[in-house]
Amino acid sequence: MKLFGRRTLGLALGSGSARGLAHIGVLRVLEAEGLRPDVITGTSMGAVIGSIYAAGASPDDIARAAVTFDSRGLLGLADVTLHRGAMLNGEHIEEFLRAHLPETFEQLTMPFGCVATDLARSESVRMTSGDLVMAVRASMSVPLVFMPVRRKDEVLVDGFLTEPVPIAFARELGADVVVAVEVTGSGTVIVNGDGENASLLKSLRSAMRGQSPRRTGISGFTLAAATLETLERSVTAAAVSEADVLISPDVHDVSAFEFLAAERIIAAGEAAATEAVARIRRKARR
């Protein structure tokens, strides 16, 4: 830890599916305030946004890509699989990542790392080198939604199960001060509505068309989402105490697949980051 002068600033971007679009707003404010991070780590959607930023895209570039998605574009990423164990294969997501990322970590413009969970050993896997697209794809592979990624003897799924906000990882990569952004879901369901008989896949498609599952009643999809969010919140609560500055955008009631609400979610990230600027300046001495 540097005792005097400028400190290395790390940004740990948490998991949260569509809520993770708030990371774009956070990055936009930090850049505007001259607080560009030196190191970035990310889990799940945090890995997606963080890697694209570390590849050289500006927050405005990422925001434009996010807000131009319509329901047809989102459905185009949903490649239904005939395999058991998940609803989506993930190959279309991988194609999207390859269109926006270099092949390897070594080609990025700043230190970056992402986290997945190895179900073969029930442990966190931190990745900083080699195949970048594979790593990010593994980090965002939500169980039951996406097929896991196989790497040698590992079975890799979403990192939120073990390290939803990778704060210690950012320190490992050289950060003196770590700003953490958590965008966990509420872990709740609405007890009225008429969605009780909807299948997981049908509910997923409805969500990607902009119909919030929280407003369509209880279904297998909403129950699974609430269960995963409850687990995520529990693991996140234990982790964020390690952050020097915590940013928590007001997106906790946004459902996991409300990507069509991108503008509102990004704005929430901007608002929360703006409130944190003074604290970040003090900690980072900038």
Side-chain angles (χ1 to χ4, degrees), residues 7-67 100 108-115 136 139-140 159-160 163-167 169-171 173 175-185 232 236 239-240 242-254 256 258-259 261-284 286:
R7 292 176 172 175
T8 302
L9 180 62
L11 185 63
L13 302 178
S15 57
S17 297
R19 294 179 297 274
L21 296 175
H23 297 320
I24 301 171
V26 172
L27 285 166
R28 179 179 274 169
V29 169
L30 294 185
E31 277 217 347
E33 294 290 339
L35 293 168
R36 179 179 171 85
D38 303 295
V39 172
I40 293 185
T41 55
T43 297
S44 198
M45 184 54 73
V48 176
I49 302 299
S51 62
I52 294 174
Y53 181 73
S58 71
D60 287 343
D61 290 336
I62 306 172
R64 277 192 290 271
V67 301
H100 292 83
L108 296 173
T109 63
M110 65 170 58
F112 168 77
C114 63
V115 180
V136 175
S139 182
M140 62 169 290
F160 87 86
E163 201 169 355
V165 188
I167 298 164
F169 191 10
R171 297 195 197 281
L173 294 184
D176 298 317
V177 174
V178 179
V179 176
V181 187
E182 73 86 12
V183 287
T184 54
E232 183 179 36
T236 298
V240 293
E242 300 177 1
D244 294 291
V245 178
L246 175 62
I247 298 176
S248 184
D250 184 17
V251 295
H252 305 293
D253 286 331
V254 174
E258 283 191 74
F259 289 96
E263 291 187 1
R264 175 166 59 90
I265 297 170
I266 293 170
E270 291 179 357
T274 299
E275 292 181 358
V277 164
R279 286 179 286 141
I280 297 172
R281 287 196 189 283
R282 287 195 297 271
K283 291 287 186 178
R286 299 190 187 180

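Residue numbers count from 1 along this sequence.
- Closest of all the heavy-atom pairs between P37 and L11 is CB-CB, 4.0 Å.
- Between the side chain of R7 and the main chain of V177, no donor-acceptor pair closer than 3.5 Å is present.
- Judged as a side-chain hydrogen bond (donor to acceptor under 3.5 Å, both in side chains), and not counting sequence neighbours, S139 has no contacts.
- With sequence neighbours excluded, the residues forming a side-chain contact (heavy atoms from CB on, under 4.5 Å) with V178 are A12, I167, A170, R171, A175, D244, listed by chain and number.
- With sequence neighbours excluded, no residue forms a side-chain hydrogen bond (donor to acceptor under 3.5 Å, both in side chains) with T274.
- Looking at residues two or more places apart in sequence or on another chain, you find no side-chain contact (heavy atoms from CB on, under 4.5 Å) involving A267.
- Scanning both residues, L9 and A284, for their nearest heavy atoms gives CD1-CB, 4.4 Å.
- Without hydrogens or angle criteria, R19 side chain to V254 main chain gives a donor-acceptor distance under 3.5 Å.
- Looking only at distances, no side-chain donor or acceptor of T41 sits under 3.5 Å from a matching main-chain atom of G113.
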task: Applying side chain to side chain contact (heavy atoms under 4.5 Å, CB included), run through V179 and I247 and close with a yes or a no.
output: CA-CA 7 Å; V179 176; I247 298 176; 3.7 Å; yes
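- M45 contributes atom CE, which lies 4.0 Å from atom CZ of F259 (distance to the nearest 0.5 angstrom).
- Sorted by first and then second residue, the salt bridge (charged side-chain N to carboxylate O under 4.0 Å, His left out) pairs involving residues 38-50 (not counting sequence neighbours) are R6-D38, D38-R286.
- Listed by chain and number, the residues in a side-chain hydrogen bond (donor to acceptor under 3.5 Å, both in side chains) with D250 amount to none (sequence neighbours excluded).
- Heavy atoms only, all atoms of each residue included: A22 and V183 are closest at CB-CG1, 4.1 Å.
- Taking every heavy atom of both residues into account, A47 and F112 meet most closely at O-CZ, 3.6 Å.
- Nearest heavy-atom pair, P249 versus A268, reported as atom, atom and distance to 0.1 Å: CB-O, 3.8 Å.
- The structure places CD of E263 at 11.5 Å from CG of L21, a figure rounded to the nearest 0.5 Å.
- Contacts classified as salt bridge (charged side-chain N to carboxylate O under 4.0 Å, His left out) and involving residues 48-61 (residues at least two apart or in different chains) are given here: R28-D60, D61-R64.
- Residues meeting the side-chain contact (heavy atoms from CB on, under 4.5 Å) test with A55, sequence neighbours left out: L101, P102, L108.
- Residues C114 and V136 approach most closely at SG-N, 4.1 Å, considering heavy atoms.
- A heavy-atom distance below 4.5 Å is found between the side chains of I24 and I49.
- Taking CD1 of I280 as the start and CG of L30 as the end, the distance is 5.0 Å to the nearest 0.5 Å.
- Residue pairs meeting the side-chain hydrogen bond (donor to acceptor under 3.5 Å, both in side chains) criterion with at least one partner in residues 43-55, sequence neighbours excluded, are E31-Y53, R36-Y53, S44-D158.
- Interatomic distance, I62 CD1 to I52 CD1, rounded to the nearest 0.5 Å: 6.0 Å.
- Remark: T236 pairs with P164, V165, E182, T184, E232, V240 by the side-chain contact (heavy atoms from CB on, under 4.5 Å) rule, at least two apart or across chains.
- The salt bridge (charged side-chain N to carboxylate O under 4.0 Å, His left out) analysis of residues 271-284, with sequence neighbours excluded, yields the pairs E33-R281.
- Within the 3.5 Å criterion, the main-chain N or O of G14 finds a donor-acceptor partner in the side chain of H23.
- Here the CE-OG distance, from M140 to S15, works out to 12.0 Å after rounding to the nearest 0.5 Å.
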